[in-house]
There are 2 protein chains.
Amino acid sequence: MPGGRPRAFDIDAALDLALEVFWRNGYDGTSVAELTAAMGITKPSLYAAFGNKEELFTAVLARYVEGPGAYAAAALDAPTAREVIERLVLGAVDLTAECPGCLTVRAVHAAGPEAAPVREAAVARRKAGETALRRRLERASDLPDGTDAAVLAALVHTVTDGIAVQAAAGRGRKELLRIAEQALTYFASSSSATLNTTDLAVSTGKAESPKNPLS
Amino acid sequence: MPGGRPRAFDIDAALDLALEVFWRNGYDGTSVAELTAAMGITKPSLYAAFGNKEELFTAVLARYVEGPGAYAAAALDAPTAREVIERLVLGAVDLTAECPGCLTVRAVHAAGPEAAPVREAAVARRKAGETALRRRLERASDLPDGTDAAVLAALVHTVTDGIAVQAAAGRGRKELLRIAEQALTYFASSSSATLNTTDLAVSTGKAESPKNPLS
DNA sequence: ATAGTAATGTACCGATGGGTATACAACTGG
DNA sequence: CCAGTTGTATACCCATCGGTACATTACTAT
């Protein structure tokens, strides 16, 4: 029954353009004027279609995980835990090398009380991804017995976050790749060398751990 | 010759107060009004003493590395590479757990052309720290032969960056510590298990891409 | 045709951003 | 006491911020 003037732009295409801007400049580093310029629409159109800047960002975030971030979900389908981790880490390099920085890493750093919903949305997305990884690792058969899947998932996440920061700090793709490979070498060496009884290395079985020498 | 009215506040104390604000909100998330409020001075005093917001930030950055960030330089004095790395990683936990996020990580994400000098200053500081670590690792005797000190230094830096992001994303100190310990376990296991190049860990050269499906 | 609806373009809103002009207050050397 | 100098306080500058009012345009249903 409803008529009305038809929208003169494609919602998803506009979201992709907005994504690019948010990706490069972060949430609070992006102005609505920049968004409308990039999207090729006017402010009233933006507000009519997406509500406001914050809602637009959460829509962009959803498109991000289904688009550029889809590799992460796909990585979980790899046959072994090691390959899952490898795909995640190398995928992080590809993702952040092409356009420095990671949308959720930037979003987590959004400042100010008015950006709180944005931070929370980003944290929720990150948590969901990490939980999925943890579940996948729990089902894995190629990890040493006693491996704490939650901690390992968090560590992998930490490494990919670090890669994103390194990319944002100007590190080029080649360097990022070497860092990623080095990290994977460490992961793999532990994974295959469970019996590699080194003096202090193998606390793998226990959550008990090295002591903290710092305050 | 020169007289003049004496400054009514202490420069270093003011810098510390500014540091706290920048730390919590990042460079472009912090307004001059917030700064003056926190520092207990007026805008003209701030501009007279520090030049402008950007110069104030670089001064704060210098104080950061000599203050809260001093643990990083001190860590290099540890007797072994392993202990150096341990101190750096655990130090990152302490640093970022108390006040979520890392000043330089945030600064690297500062947006806009006018923040370019800030980004560059942060990148320079980070690079200097990493170079110092690399030099220290080159002198170490407890690393496997053939270890690439530059890559290892970059990886450690990547992990500490990741920890900062995790802290900013709301991870608590206890969790951060477990992640850090897990990372150290991997480092240690390889450190004794020389060049444990496992079969597959390296799909290396391939730029096989998750690829960005969006325009 | 005409009524109803929804998107568009222009032009604007108050609030806040970084930064400053100007007048005054507090110190120094003569 | 006075000139020179330098920090402080009030009050203001313009640009930009996120968000909107309003009149207009383009469509559907009757």
Side-chain angles (χ1 to χ4, degrees), chain A residues 1-15 17-18 21-22 24-61 106-107 110-119 121, chain B residues 1-15 17-18 21-22 24-60 106-107 109-119 121:
Chain A
M1 23 205 14
R5 180 170 175 170
R7 184 173 285 116
F9 62 95
D10 180 63
I11 288 268
D12 285 336
L15 278 178
L17 293 165
V21 182
F22 275 131
R24 242 191 294 272
N25 303 117
Y27 177 72
D28 34 29
T30 299
S31 71
V32 176
E34 287 173 304
L35 289 168
T36 55
M39 298 161 88
I41 64 177
T42 62
K43 281 208 272 186
S45 295
L46 188 153
Y47 281 87
F50 302 104
N52 59 16
K53 186 185 172 187
E54 171 197 322
E55 292 176 53
L56 170 60
F57 184 85
T58 65
V60 162
L61 197 55
R106 289 197 116 106
E114 69 282 351
V118 166
R119 283 195 300 273
Chain B
M1 11 170 102
R5 179 172 175 169
R7 183 172 285 115
F9 61 94
D10 180 62
I11 288 268
D12 285 335
L15 278 178
L17 293 165
V21 182
F22 275 130
R24 243 192 292 272
N25 303 117
Y27 177 72
D28 34 28
T30 300
S31 71
V32 176
E34 285 174 305
L35 289 168
T36 55
M39 299 162 87
I41 65 178
T42 62
K43 280 207 271 186
S45 295
L46 188 153
Y47 280 88
F50 302 105
N52 59 18
K53 187 186 171 185
E54 170 197 323
E55 293 175 52
L56 170 60
F57 184 85
T58 66
V60 162
R106 290 196 115 106
H109 289 97
E114 70 282 349
V118 166
R119 282 194 300 272

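Throughout, a chain's letter reflects where its sequence line sits, starting with A, and its residues are numbered from 1.
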Give a yes or no answer on whether the side chain of B:R119 reaches the backbone of B:G112 with a donor-acceptor pair at less than 3.5 Å. yes
Just checking A:A8: base, sugar-phosphate only, or nothing, at a heavy-atom cut-off of under 4.0 Å? sugar-phosphate
Heavy atoms, side chains only, cut-off 4.5 Å: are A:F50 and A:L15 in contact? yes
Less than 4.0 angstrom between a side-chain N/O of A:T42 and OP1 or OP2 of C:dG9, yes or no? yes
Please report the shortest heavy-atom distance between A:A107 and A:V118, naming the atom on each side. CB-CG1, 4.3 Å
Rounded to whole angstroms, how far apart are CG on A:L46 and P on D:dT20? 12 Å
Nearest heavy atom decides the nucleotide; on that basis, is A:P44 or A:R7 closer to the 5' end of DNA chain C? A:R7
Grab the two heavy atoms, one from A:T30 and one from A:E34, that are nearest each other, plus how far apart they are. CA-OE1, 3.4 Å
Distance, rounded to the nearest Å, where B:N52 contributes CG and C:dG19 contributes P: 5 Å
Just how far, in rounded Å, is P of D:dT6 from CZ of B:F9? 15 Å
State, yes or no, whether a side-chain contact exists between A:L56 and A:V60 at a heavy-atom distance under 4.5 Å. yes
Nucleic acid contacts of residues 29-40 of chain B, taken as heavy-atom distances under 4.0 Å to DNA chain D: none
Over how many whole Å does the gap from A:D28 atom CG to C:dG17 atom C1' extend? 13 Å
Value in whole Å for how far the P atom of C:dT20 lies from NZ of B:K53: 14 Å
Taking A:K53 for its side chain and A:Y27 for its backbone only, find out whether a donor-acceptor pair lies under 3.5 Å. yes
Between A:Y27 (OH) and D:dC17 (P), how many Å, whole number? 13 Å
Between C:dG9 atom C1' and A:I41 atom CD1, what is the distance in whole Å? 13 Å
Rounded off to whole Å, could you give me the OH-to-C1' distance for the B:Y47 and D:dT10 pair? 16 Å
Any sub-3.5 Å donor-acceptor pair from B:N25's side-chain atoms to A:A111's backbone N or O? no
Starting from the 5' end of DNA chain C, give me the residue, A:K43 or A:R5, whose nearest nucleotide shows up first. A:R5
